[in-house]
Engineer: 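Have a look at this one before I ask anything.
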There are 4 protein chains.
Amino acid sequence: MRNLSDIVASVHADLAEHIGGGKVADYIPALSRVDPRRFGLAVVTCTGEHVQAGDANVPFSIQSISKVFTLTLALERVGARLWHRVGREPSGSPFNSIVQLEQEHGVPRNPFINAGALVVTDALLAGRTPKATAAEILAFLRERADDPSVSIDDEVAGSEAQTGFRNASLANFIRAFGNLKNPVAEVLDVYFHQCALSLSCAQLARAGLFLAGDGVDPLTGAVVCRPARARRVKALMMTCGHYDASGEFAFKVGLPGKSGVGGGILAIVPKQAAIAVWSPGLNAAGTSHVGALALERLVERTGWSVF
Amino acid sequence: MRNLSDIVASVHADLAEHIGGGKVADYIPALSRVDPRRFGLAVVTCTGEHVQAGDANVPFSIQSISKVFTLTLALERVGARLWHRVGREPSGSPFNSIVQLEQEHGVPRNPFINAGALVVTDALLAGRTPKATAAEILAFLRERADDPSVSIDDEVAGSEAQTGFRNASLANFIRAFGNLKNPVAEVLDVYFHQCALSLSCAQLARAGLFLAGDGVDPLTGAVVCRPARARRVKALMMTCGHYDASGEFAFKVGLPGKSGVGGGILAIVPKQAAIAVWSPGLNAAGTSHVGALALERLVERTGWSVF
Amino acid sequence: MRNLSDIVASVHADLAEHIGGGKVADYIPALSRVDPRRFGLAVVTCTGEHVQAGDANVPFSIQSISKVFTLTLALERVGARLWHRVGREPSGSPFNSIVQLEQEHGVPRNPFINAGALVVTDALLAGRTPKATAAEILAFLRERADDPSVSIDDEVAGSEAQTGFRNASLANFIRAFGNLKNPVAEVLDVYFHQCALSLSCAQLARAGLFLAGDGVDPLTGAVVCRPARARRVKALMMTCGHYDASGEFAFKVGLPGKSGVGGGILAIVPKQAAIAVWSPGLNAAGTSHVGALALERLVERTGWSVF
Amino acid sequence: MRNLSDIVASVHADLAEHIGGGKVADYIPALSRVDPRRFGLAVVTCTGEHVQAGDANVPFSIQSISKVFTLTLALERVGARLWHRVGREPSGSPFNSIVQLEQEHGVPRNPFINAGALVVTDALLAGRTPKATAAEILAFLRERADDPSVSIDDEVAGSEAQTGFRNASLANFIRAFGNLKNPVAEVLDVYFHQCALSLSCAQLARAGLFLAGDGVDPLTGAVVCRPARARRVKALMMTCGHYDASGEFAFKVGLPGKSGVGGGILAIVPKQAAIAVWSPGLNAAGTSHVGALALERLVERTGWSVF
């Protein structure tokens, strides 16, 4: 392998012509105002190497990438019982589909579609206040990113709440099947706040590093979860991390990953590194267009595919 | 890691109590007659180590595991154009579901559900006779297994043809959308023969080794396909290899794999080894009950998960 | 035909052995407390004959039967434009299914499934207060029933609101597609009140008589809607009045009808009469078990099938 | 009501400008060659009045309209047991959809979608030869039409067989669930022949008259089936006669009807008349564009809606 810095720089440079491609999410004003030409890339290795390019220090809305972190937290909180309430299979459907939920009686296919993430958030709430729960999630991200400046963008959270009819529909639907325990409004409140977490590529890659380290932060030694649990979260990222484009991502990139509608992607290289990319233009599947290309190139040049 | 022989022996021994669990496929007589207490396990490493336990030399019907080999052959024959005719996404549906096929206008979700495998077989046929095509597939398996005694079980092939109404339905359905080029009867003829390929665990693990070797047989140096192609076949095995239980397999085993209704499973450890297990009792998802448990244990003890 | 009084009496008597069959709706306390042995039957003819038997003067919760009246009101209010927002086809799905709504982008299949009824209610609201809208619906029922004592059961309305997660899900889902114009909470408020309308069989048959009269109340001469509109409402009752059991009702009864989960059914004999039956035990399709049998017998003995 | 001849003539005249609209079925050559400007209309009343206009004596391929006649025959043959093998509900799906068939385990929703008609044809076959069965169907049509010149178009039947992949798929699918008793090829053989029945509007209206007569041919007194059975066939025509546009037809026309892809429609006015229209251009739902308009006008002017 060539020097990692060179590879990251070359990937960033090679994609210059693609920057601006795709379509920026426009369902809330705060996301639609983001400059479509932003493109950041950061890698943190288990040996402590930090490499980055472009807008890697600009915070963005991580949106659904937050589901990886809330899943980890919820599994630590309630254990394997969580799997009675949410499945582990690819859905074969878009992120916000409600069809399967009806056919499968309110048990979402996996924790990374919105329905599943709502159940995970409900499990985290567990009778506490939405405020305390959102604070716990934020604290977890700050610790994982080793950076107390990580924050939640209240404007984004507010906008999500005002336009989140589809998520409100999903939450009420799951509640109708008895698979939400807390009031719908409280689950949505936490959910909209976790989606509004704002991190830069550098912070996000750092925050995901414990997954590369099999549940242990390789730079601090902090134990986040058991190795088997970390591997299983990565397995879910591989099979379900990109909704109905998960197969394509596995096929082309070959790493466990999770995308967000803000244009970010977190990918994990087991035992080696965490990668975060960000570029707001989305492809038809709702994944960052340039971000996915960047990961494909990066994996080609590093040989980091798990396959 | 402990000695591989010890691990394989211990996994085999530990599962003694589970042998006989699950339900043997009974849709054709030749499969239903198989002794449910059979249990074989074989590992071949890229360094040439052969380790096995139990009924590892007893041939069994590999059924859908054949799809891995026909996909490799078809990709070499027609190249990436194949992906215009079949997708790369998990289906979220059972192996023989026809629902998505209707919604997606005759383009099967992936090459490992029956509908997709029929399109792959059609691509292989390409105007030749079914006999010649089946012979080519057999020759490929013999070469990959490095064993000219690999054969097709004509009784199984005949039984499949007599009861294969669902596959006949799928094939006619795809044909109605123009996505089969050869006569339905010919495609089914080849398909029923490939499903009737008969290999032992030892042969099957050896035959799959080229995938561990990134497209090159590590023991003979024979080039079967490009490294990127081998990685992509493995990515598909990870996301789609077990129908609507693929997520579960990735979660618990963490290796690319492909199961067959005859009770066999082929799993690949990238860069390291190929594993074949066989035990006829199937779980609800149609995967070998004991076989899946064996792989889970084997991976725990070897640390072979890709995650 | 024998004397109508004799027929009604004989139908009521013959069904004595069936009374108490089926399962009373139990999703809200107010419905579950109703005596399962209640059974009322009322016929009002276009010539002014009133015939009844059993508990025909006991008010019950008409639930979804209210959809016939709100549809009539909304069509008078907004005209045929309503059909841009709701379809006219049988859904082939249960009353509260959300699957089709997703596939058809928030345009409900017909005005008698819950999703469609919510759109109709939204059209009625049209920027007014929920209170004023519910009052208008109540006034319409009182006028149609020619009885100012018709009322809304506030306990039922309140209970619906507390357990109506599925309807809240549907309403949010439709709102996400832009096919509700008023706030979700207001639409649900009116909807839960219209479902809580409380009428006896005698009142309900009287209220539906304008449909038998082609849009004109045959006893007062009041013009409610154009003849073509009345016929079309009846056509929808025939094809869509009983959710995914509409075909069965048409097959066995042969009259346009609308059932409610409170155990009532309103059926219309074009040009001749309106019939209301009530018995709380429901069959698997959510229609009154004894009520459907009673209509079947009544139609056999009167020859009132439209076919 | 004005004189029936005048009404029929005026409807025919008024639709002149619409003739040629819609799209002629082109999946087989024999249908695609039909002149799109053909337009015939025939009414036969229970009192023996024959009125017609346009191309009412030109034979056309009645296609799915044949399902009304095979259903009547099969019910006479096997009785109500037929309903264990086919449902009575609108499907809410296109005529050749396979989705519901999977969800409902091989029991088609109703006898008028293709899947259901295949089961009906299978019930008619009952171990006899396809030739004998097709001959029986033809004899029934000749008798009902009171015209021995009614025939089956062998070219059409042959073309259907060559392109009938979707029907072959449906038949194999049902067979996989055990709901066809005869060989798939034999069921398809009869089915393709019944679809190729060739009648003029005049013949078709005459053939359907027994349904208006509650199972008795009002002109000959021949008893075809019990009154209740005739009414139930009409109920099915109302709720299921036009696939996923049945609601629309009931809404606009208000008569039990059955359409065919050859551009014909048979509609029944209970107790009064049978109507046949034919014009080859189809609307999006596969129903004759001009034919449906003609029925709508005819019903407006005669007041023949059942509602």
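Naming: A, B, ... by sequence-line order, numbering from 1 per chain.
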Engineer: Report, as yes or no, whether the 6.0 Å neighbourhood of atom CZ on Arg77(C) holds more than 12 heavy atoms from other residues, nucleotides or ligands.
Structural biologist: yes
Engineer: How long is the straight-line distance from CZ of Phe177(A) back to CZ of Phe165(C), given to the nearest 0.5 Å?
Structural biologist: 13.0 Å
Engineer: Rounded to the nearest 0.5 Å, how far apart are CZ of Arg175(A) and OG1 of Thr163(C)?
Structural biologist: 10.5 Å
Engineer: Is a donor on one side and an acceptor on the other found under 3.5 Å between the side chain of Ser169(A) and the backbone of Ser169(C)?
Structural biologist: yes
Engineer: Specify which of Asn172(A), Val184(A), Ile174(A) makes the most heavy-atom pairs with chain C at under 4.5 Å.
Structural biologist: Asn172(A)
Engineer: Please classify the contact between Tyr27(C) and chain A as side chain, backbone, both or neither, with a heavy-atom cut-off of under 4.5 Å.
Structural biologist: neither
Engineer: Is the count of non-hydrogen atoms from other residues, nucleotides or ligands lying under 6.0 Å from Lys181(C) atom NZ greater than 12?
Structural biologist: yes
